[in-house]
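Structure first, commentary second.
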Amino acid sequence: MFCCLIFDAAFDSVLRVSLKFIVDAAIIPQNFKLLTQILSLFAVGAILYIAIGLLGLFLGARLGIIIINNIRRSLFEHLQNLSMEFFGRRSAGDIVKCMISDVQKVENGLISMGLTVVVLEISNILFATIFLFLLNWQLATLTCIGITLCIVAPAPLAQIATSKGYQLLEKEGKLASIVEENILSQSVIKLFGMENRATQDFSTHLNDLQRIYVGATFVSYAVQKIPIILFVLTQLAILSIGAVMTFRNFMSVGTLVSYQVLLVGLNLSILGFSGSLPIVIDGVAALQRITDIFSETPTVKETHDAVPLPHFAQEICFENATFNYSTERVGVKNLSLTIRDGEYVMFVGQSGAGKSTIVNLLTRFYDADKGRILFDGIDLRHATLRSLRSQIGLVSQEVILFNTSIRENIRMGDLEASDAQVEAAAKNAEIHEFILTLLQGYDTPVGGRGGQLSGGQRQRIALARALVRDPAILILDEATSALDVATEAGILATIDRIAKQRTVIVITHRIAQALRADKIFVLENGSITASGHHTDLVEREGLYATLWQQGHQTSNSPKLPLS
């Protein structure tokens with residue numbers, strides 16, 4: 001591609017300088033034979049120019065998509081390796097904008113413009129400068145001084161323009177996050193009549209974007225305009241001096257014509273170069289945002305001597321585990337507990353007590369700041385992530401289904417699972433019969449985020465996805481909290497049946513489920529305040545007993561037995 005661009009620049013400069021020979025050697029002496037030879041060479045050159053130019057365009061397009069696909073592939077792969085801490089801190093809309101829009105700006109600004117235009121125009125400038133010195137070294141020296149000023153003068157502004165361009169992209173990323181949040185929250189917005197409020201808030205952000213955009217664009221186009229102004233002044237000075245030299249016979253008419261045509265070509269090159277600067281600046285700012293993501297490192301990662309965990313057979317121990325999401329958001333503190341193989345364990349407590357944090361630590365979505373977590377005596381920090389997570393099936397309150405078939409959604413729990421294993425997992429989750437009633441059966445698409453299914457159906461498919469991997473540990477994190485009583489009862493009955501074959505950890509605020517547990521841990525402000533069986537905890541008259549009584553006071557059902 002570079003060779004094609006260099007040929008393009010060389011042919012253009014040769015065409016311009018040839019005017020000297022056409023005027024001085026052919027037209028003025030009336031040498032028709034030489035004129036014919038020169039024009040014939042132009043015809044051959046034009047054919048090559050067209051063919052090589054088209055080849056350059058093809059290679060440029062191919063190179064551009066290869067580079068941006070490599071960037072997107074590397075960026076996507078890097079995202080897969082980042083920890084949950086990053087995704088809690090960076091919005092999905094901003095990440096998507098970086099993956100699509102910012103990478104496209106890099107392609108436009110640094111590949112299409114940065115490589116193609118810059119290489120072409122610099123080649124044009126170099127060839128033109130060489131021919132200018134061959135024509136008249138005195139004028140060429142003055143021209144080089146002018147070109148140097150054109151290049152150096154906008155440099156201080158270019159850094160400011162890049163910084164402002166980065167701020168603009170950050171604001172656009174924020175705007176993308178707001179749009180994403182609004183789209184996903186339409187049911188709430190419509191229910192509470194928040195349409196006008198949402199529109200007003202969005203208009204405020206648009207006004208902020210306008211202010212940043214005007215500043216960034218003005219500086220960017222100032223960087224573009226300065227070289228053009230300086231070169232026009234240079235061209236006027238050279239034309240004046242060259243005209244006087246030709247008038248006094250220090251230079252031929254053909255030389256003056258060629259020189260001025262070369263200067264016009266230089267002017268176009270400067271225009272092309274400076275015109276690409278705003279797009280290049282956008283590309284540099286976009287590349288900086290992409291680099292910001294590449295510079296992120298996972299907070300949870302395997303050590304070089306990490307060992308595979310054996311199949312869970314003994315116990316999980318939290319030893320004085322402390323973790324905070326941030327200085328404002330506390331997780332758990334000095335947490336010590338033991339979960340034995342085969343137990344049905346429940347964590348209860350009010351919102352923000354730290355229940356879900358235990359799941360995040362056990363699955364190593366996060367690592368404890370202090371203390372340690374042992375899995376059959378092995379510190380999780382010294383174990384491979386795959387060997388840990390392959391033994392865990394997780395069903396959470398917010399069911400995440402992918403926009404593909406039911407079969408493939410279940411198979412995502414174990415990508416090597418056969419169709420028979422998928423159907424066996426669906427049977428265990430008691431969703432098999434429902435799936436068979438669908439027109440396409442297991443090949444039925446679930447829609448975006450599972451929108452074609454009810455809440456209970458999504459939960460059962462998520463449960464089947466967890467069961468298809470035959471996990472040693474099944475974790476239910478508020479898995480039934482968003483369901484109606486009848487649907488919840490059905491799913492809990494299913495869980496009771498499959499719980500006999502594995503260790504079950506339940507995170508819930510619905511105290512009525514506690515009768516099922518072998519052991520209950522009561523959390524308050526990130527610490528365990530009590531643990532034991534339901535009957536014992538009720539008799540102690542602590543937080544658990546209060547929650548139990550509150551649960552009964554808000555229920556119309558008769559009081560359940562204590563054991």
Side-chain angles (χ1 to χ4, degrees), residues 2-31 34-35 37-42 44-46 48-49 52 117-156 158 223-277:
F2 286 165
C3 289
C4 292
L5 293 173
I6 291 170
F7 176 83
D8 188 309
F11 181 79
D12 183 71
S13 294
V14 168
L15 186 64
R16 294 175 188 278
V17 80
S18 65
L19 286 173
K20 170 180 170 57
F21 303 101
I22 291 176
V23 173
D24 291 343
I27 294 177
I28 293 178
Q30 295 292 295
N31 189 339
L34 179 60
L35 181 62
Q37 290 174 347
I38 293 173
L39 295 178
S40 298
L41 287 174
F42 282 170
V44 174
L48 286 174
Y49 177 78
I52 293 175
V117 175
V118 171
V119 170
L120 177 63
E121 302 308 348
I122 286 178
S123 299
N124 276 327
I125 291 171
L126 288 176
F127 283 117
T129 303
I130 291 171
F131 287 124
L132 288 176
F133 271 99
L134 291 175
L135 291 173
N136 188 287
W137 68 268
Q138 296 97 332
L139 291 180
T141 302
L142 294 175
T143 303
C144 286
I145 294 172
I147 292 174
T148 303
L149 289 174
C150 293
I151 295 172
V152 173
V223 173
Q224 172 191 0
K225 197 68 176 176
I226 288 173
I228 298 172
I229 295 172
L230 290 175
F231 191 80
V232 167
L233 295 176
T234 301
Q235 192 174 6
L236 288 173
I238 296 298
L239 177 60
S240 302
I241 297 171
V244 172
M245 292 178 70
T246 304
F247 183 80
R248 296 184 179 277
N249 294 321
F250 292 120
M251 199 164 60
S252 69
V253 174
T255 301
L256 177 63
V257 171
S258 275
Y259 202 99
Q260 289 306 312
V261 171
L262 282 170
L263 275 184
V264 171
L266 266 178
N267 191 18
L268 293 175
S269 296
I270 296 293
L271 281 171
F273 184 82
S274 60
S276 68
L277 286 179

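Predicted model, so just to flag it, every value in this text is computed and none were measured.
- The two residues L120 and A9 come nearest to each other via the heavy atoms O-CB, 3.9 Å.
- With sequence neighbours excluded, no residue forms a ring pair (Phe, Tyr, Trp, His ring centres under 6.0 Å) with F131.
- For the pair F127 and V14, the minimum side-chain heavy-atom distance is 4.5 Å or more.
- Side-chain contact between T129 and C144 is present, with heavy atoms from C-beta onward closer than 4.5 Å.
- Taking CG from L34 and CG from L39, the interatomic distance works out to 9.5 Å, rounded to the nearest 0.5 Å.
- Taken to the nearest 0.5 Å, the CG atom of N124 stands 7.0 Å off from the CG atom of D8.
- Of the inter-residue distances, the one linking N136 atom CG with L142 atom CG reads 9.0 Å to the nearest 0.5 angstrom.
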Side-chain donor-acceptor distances from residues 149-156 under 3.5 Å, at least two apart:
none

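- Atoms CG and CG, on L236 and L263 in that order, are 10.5 Å from each other to the nearest 0.5 Å.
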Open item on the list: One pair to check against side chain to side chain contact (heavy atoms under 4.5 Å, CB included): L48 and F7. What are the steps and the verdict?
Closed with: CA-CA 9 Å; L48 286 174; F7 176 83; 3.9 Å; yes
TODO: Decide yes or no on side chain to side chain contact (heavy atoms under 4.5 Å, CB included) for L139 and M245, but give the supporting numbers first.
DONE: CA-CA 10 Å; L139 291 180; M245 292 178 70; 4.1 Å; yes
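- Minimum heavy-atom separation, A46 to F11: N-CZ, 3.8 Å.
- Summarising the geometry, atom CG belonging to L262 is positioned 6.0 Å from atom CG belonging to L135; distances are rounded to the nearest 0.5 Å.
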